[in-house]
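Contents: one structure, followed by commentary.
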Amino acid sequence: MTHTLAVLVENNPGVLARVAGLFSRRGFNIDSLAVGRTEDPSVSRMTIVVEGDDRYLEQVNKQLHKLVDVIKISDITRDAYVDRELVLIKVHADASKRAEIMQLVDIFRARIVDVGLKTLTVEITGNEGKIDAFEDSLRPFGIKELVRTGKIAMLRGTKSSSKNNSQKEGDVN
Amino acid sequence: MKITVAEALIRCLEQENVEIIFGYPGGAILPVYDALNNTTIKHVLVRHEQGAAHAADGYARVTGKVGVCLTTSGPGATNLVTGIANAYMDSAPLVLITGQVATSLVGTDAFQEVDITGITLPVTKHNYLVKDPKQLPSIVKKAFHLASTGRPGPVLIDLPKDVAQAKIEFKYPKTVNMPGYKPTYKGHAAMVQQAAKIIMESERPAIYAGGGVRIADAAGELQKLAETISAPVAHTLMGLGCFPGDHPLFLGMLGLHGTRYANQAVTECDCLIAAGARFDDRVVTKISGFAPKARIIHIDIDPAEIGKNVRSHLPIVGDVKSVLGAILPHLKKKDNARWVERIRQLKEEYPLRYNQGGDSLKPQFVMEKINELKGEDAIVVTDVGQHQMWAAQYMRFSEPRSFITSGGLGAMGFCLPAAIGAKLGAPDRTVIPIVGDGGLQMTMQELGTAAEQKLPLKVFVINNSRLGMVRQLQEFYHDKRYVAVDIQFNPDFAALGRIYGMEGYTVDSPSQLTELLPRILTSAAPVMVNCIVDHCENVLPMVLNGSNISEAIG
Ligand SMILES: Cc1ncc(C[n+]2csc(CCOP(=O)(O)OP(=O)(O)O)c2C)c(N)n1
């Protein structure tokens, strides 16, 4: 099962290396990882998507907790959350195909951000399903280049996974 | 008044009650060495930085205090790495301070620059590169706090030269604020009660005691628990010493080279209390066959150890001393007469044994003899290999912190420098390093350190002219096709000892050893005893790859 973890870390130099190093050395696989500052500049938030069963996730969780720079981990997979990813796609588009591509862009509420001689560069945000569907529909035209930010996520409603909520929890008892 | 960061560092160490620094100087750390002119902290000059880390480790294990190392950048720092990994695996509290090139040069492949925080990321509990001079005091405070609390471990501070020379207003913080670090000491009350219930329901309880018992100073609680519920105690290599070796409930070491009775007791028990142990593969061998009849209660301060290797029925995160202390009042005296009788029977039926045939000196005999004469208070420090296992099997300790060995990493070369640290930490106790002829030659330069510090170590070289443990593995797993395990040149270790100002002896028969031992163990002199032993001996029992602990051979 795919899990989405919201991980709050102290915004110290090297913290990304600590987290990434932990995943590789313990043999955990990261599907995606997005990181940036939060409302508190001393704290960064990582959204980490990992695939694995519950036992595996328990180890990921506990090993992450052992990192001194990790403040809080929330596995929000089973909660209601909004998630977004931003993707840029450069697609082949000669004159004959442009209209068709622009129609798809419209349908998916994407945006054309650059026009080249033989290409269009399109920006789309959304959740994974939408982005995958868009990518599939552009593929027949020939995708020259694609870049994804990785997913970011936030709980719905007033609940939040930010720092002041609670300190490091997650010990097994 | 402003002082340099280097001076501030020394003030910090004084505030932490550091008495000894193990170190080796060099360019990038010069400002800190200069500041050592103005302190009462003793600096022990080792002969190789690996020795500094192991010595600090041995010191920490014997005293329970934080061991401190100081080295220069680049090669000085990389030489520490084995020692750091060793401390990390065995949860020894160290603070390691390395010099670094000036901040303006960091990242330029400058002379003697290495990214030591990067290199040690996987083998430190945490590490710091000091960029802002003002941060130094709080970083040192945090480093000592991290090293010594929760599950202890090594913490490294990398200090660029220009930062060390910068001036700051010195004030040592009284508290630390680390939102991401809050170790759990007290066990969860409901879990504690649950544990007591499981224990009281059991008829064949056993205890599996690890290094956490020593670290938490929980030997008293452990003994009380064992005696209250009549549970025999099996030990990990790290746990030896935590329970009196002459106690009827003592089972010795379990696992790969464990005693048959320890392994059998764990296999038959219906409740296993794992205290400060981590179900290492050398203990468990095959997971499915480990304590198959038992409900397992796993007590550990590190939540990540719970469920990592073996699923327990009841996990309790907390400090072993505090958790056992909390469980005890819920227990009533249990006799388990049949179980205790079964244990007695197992011990009688499957004692440790070896053939003392002929006049050759058997390594097991050496261990028995030293054990007999070493005295209650002695500290035995071993290296890694066959001799280590024989020492673990044949020696008995009545005090925790009496048996010091490299467990998790199994780092040859540990013994001599760790013994130096141990002796400096416990000057009134006899320290007996027991080391293979292979392992001694990995760090024997530290004989110089021992001589300089006037340490009367009683070194026993278990000399089989082989890399014995590897030879044994080749015998069992590679059809005796011996490769690279025959040491074809050894120095005369007795003469080597004499060069370093020790008394040097060579013995190759039981009678010689028996005659020599009483005299040298009680003398005030440093001694090197070259014990020429039978090189064909194997460490037995032995659980072969893929077998359960109950299926040992030998
Ligand atoms: C640094 C290091 N290198 C290699 C090994 C692998 N190893 C484990 S035991 C052993 C043999 C040790 O030989 P010796 O020191 O003579 O002790 P003995 O086993 O003969 O008692 C070796 C090479 C190790 N544990 N550590």
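Each chain gets a letter, A, B and so on, in the order its sequence line appears, and its residues count up from 1. Because the structure is predicted, anything quoted here is derived from the model rather than measured.
- Neither the backbone nor the side chain of B:Lys142 comes within less than 4.5 Å of any heavy atom in chain A.
- Interface remark: B:Asp302 contributes side-chain atoms only to the contact with chain A (heavy atom separation under 4.5 Å).
- Every residue two or more places apart in sequence or in another chain was checked for a ring pair (Phe, Tyr, Trp, His ring centres under 6.0 Å) with A:Tyr81, and none qualifies.
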Exercise for review: Dump the intermediate steps for salt bridge (charged side-chain N to carboxylate O under 4.0 Å, His left out) on A:Lys118 and A:Asp94, then the final yes or no.
Suggested key: CA-CA 5 Å; A:Lys118 289 192 177 140; A:Asp94 9 4; over 6 Å; no
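- Under a 3.5 Å cut-off, the side chain of B:Lys186 and the backbone N or O of B:Val323 do not form any donor-acceptor pair.
- Heavy-atom pairs under 4.5 Å with chain A were tallied for B:Lys308, B:Lys125, B:Met178, B:Lys131; the largest tally goes to B:Lys308.
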Exercise for review: Would you sort out whether B:Ile116 and B:Ser73 count as a side-chain contact (heavy atoms from CB on, under 4.5 Å), showing the intermediate values?
Suggested key: CA-CA 8 Å; B:Ile116 197 63; B:Ser73 65; over 6 Å; no
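- Applying the 6.0 Å contact sphere to CD1 of B:Ile198 captures more than 12 heavy atoms from other residues, nucleotides or ligands.
- For B:Leu129, no part sits under 4.5 Å from any heavy atom of chain A, backbone or side chain.
- For A:Arg18, the parts lying near chain B are the backbone and the side chain together; criterion is any non-hydrogen pair under 4.5 Å.
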